[in-house]
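Reckoned from all heavy atoms, side chains included, excluding hydrogens, waters and symmetry mates. In this chain, numbering begins with 1 at the start of the sequence shown. No experiment lies behind these values; they were computed from the predicted model shown.
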Amino acid sequence: VQLQASGGGLVQAGGSLRLSCATSGRTVTEYSMGWFRQAPGKEREFVAAISWSGRSANFADSVKDRFSISRANAKNTVYLQMNSLKPEDTAVYYCAAGRSGPGSTQNQYEYWGQGTLVTVSS
């Protein structure tokens, strides 16, 4: 499974961005998909995850009321809609795929994309 994250960029605080994660290779419709992020000088942390069916989702407390996650299995794509962005959301965002979940721990995910940078200015 190959994952390609895109959609990052520079946005002002309070703005929105939508990240996409395009998948290819083996069928991903049976994989849970997750988003993680790593801010400068910090460890990578969980952001959001969605089950293979799209019926179940999981969010970090820090983003729960601002971010949403969805997937379009026919397009082999997962989305992370980020609203009301804050400077502390600045990070490289990674998408990941795993057979269990939708989990919040990194070891539940077997495949990882290369990351896309989100910068939120104050």
Side-chain angles (χ1 to χ4, degrees):
V1 177
Q2 291 81 45
L3 308 176
Q4 179 75 39
S6 63
L10 175 64
V11 64
Q12 288 188 330
S16 298
L17 278 177
R18 188 177 79 159
L19 304 183
S20 299
C21 178
T23 63
S24 60
R26 296 178 63 183
T27 301
V28 296
T29 55
E30 294 185 358
Y31 286 81
S32 291
M33 300 295 295
W35 287 95
F36 291 77
R37 67 187 181 186
Q38 187 167 20
K42 296 187 176 181
E43 294 187 351
R44 190 158 56 184
E45 66 176 5
F46 170 73
V47 176
I50 189 167
S51 63
W52 69 270
S53 67
R55 287 195 288 264
S56 179
N58 189 9
F59 295 90
D61 288 343
S62 59
V63 308
K64 190 174 296 184
D65 298 325
R66 302 182 294 120
F67 291 10
S68 62
I69 188 170
S70 61
R71 65 189 298 163
N73 286 341
K75 297 181 179 180
N76 290 327
T77 303
V78 176
Y79 304 98
L80 182 70
Q81 178 66 42
M82 306 186 295
N83 299 326
S84 302
L85 283 161
K86 304 175 180 180
E88 50 264 43
D89 294 318
T90 295
V92 176
Y93 284 71
Y94 299 89
C95 60
R99 289 196 177 273
S100 62
S104 60
T105 57
Q106 296 182 52
N107 61 11
Q108 292 179 285
Y109 295 88
E110 297 128 74
Y111 303 99
W112 291 81
Q114 87 293 353
T116 185
L117 176 63
V118 172
T119 303
V120 184
S121 63
S122 58

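When all heavy atoms are compared, the tightest approach of Leu17 to Leu85 is N-CD1, 3.9 Å. Contact detail for Asn58 and Pro102: the closest heavy-atom pair is ND2-O, 3.3 Å. Closest approach of Gly8 and Thr116 over heavy atoms only: N-OG1, 3.1 Å. Minimum interatomic distance between Asp89 and Ser84 (heavy atoms only, all atoms of both residues): OD2-O, 4.4 Å.
The distance from the OH atom of Tyr109 to the SG atom of Cys95 is 11.0 Å, given to the nearest 0.5 Å. Rounded to the nearest 0.5 Å, atoms NZ (Lys86) and OG (Ser122) are 14.0 Å apart. Taking CD of Gln81 as the start and CD1 of Ile69 as the end, the distance is 12.0 Å to the nearest 0.5 Å. Taking OH of Tyr79 as the start and CH2 of Trp35 as the end, the distance is 10.5 Å to the nearest 0.5 Å. Annotation: the span from Asn76 atom CG to Gln4 atom CD amounts to 14.0 Å, rounded to 0.5 Å. For the atom pair CZ (Arg18) and CE (Met82), the distance works out to 11.5 Å, reported to the nearest 0.5 Å.
Taking hydrophobic clusters as Ile, Leu, Val, Met, Phe, Trp and Tyr residues chained together by side-chain heavy-atom distances below 4.5 Å, Val63 shares a cluster with Val11. There is no path of hydrophobic side-chain contacts, each under 4.5 Å, that joins Phe46 to Leu19. In the hydrophobic clustering of this structure, Val78 does not group with Tyr94; members are Ile, Leu, Val, Met, Phe, Trp, Tyr whose side-chain heavy atoms approach within less than 4.5 Å, directly or through other members.
Taking the six-membered ring for Trp and thresholds of 30 and 60 degrees, Phe36 and Trp112 have ring planes inclined between 30 and 60 degrees apart.
Note that Arg99 lies in the cation-pi zone of Tyr31, set by a 6.0 Å cut-off to the ring centre and a 45° limit from the axis.
The side-chain contact (heavy atoms from CB on, under 4.5 Å) test with Met33 singles out one residue from Asn73, Leu3, Leu80, and that residue is Leu3.
A donor-acceptor pair is defined here as one N or O able to donate and one able to accept, closer than 3.5 Å; no such pair exists between the side chain of Ser20 and the backbone of Ser6. Panel note: side chain Gln108, backbone Gly98; no donor-acceptor pair is recorded below 3.5 Å. A donor-acceptor contact shorter than 3.5 Å is absent between the side chain of Arg71 and the backbone of Ser32. Checking side-chain atoms of Thr77 against main-chain N and O of Ala22 turns up no donor-acceptor pair under 3.5 Å. Side chain of Gln114 to backbone of Ala5: a donor-acceptor contact under 3.5 angstrom is found.
Taking a cutoff of 4.0 Å between a charged side-chain nitrogen and a carboxylate oxygen, Lys64 and Asp61 qualify as a salt bridge.
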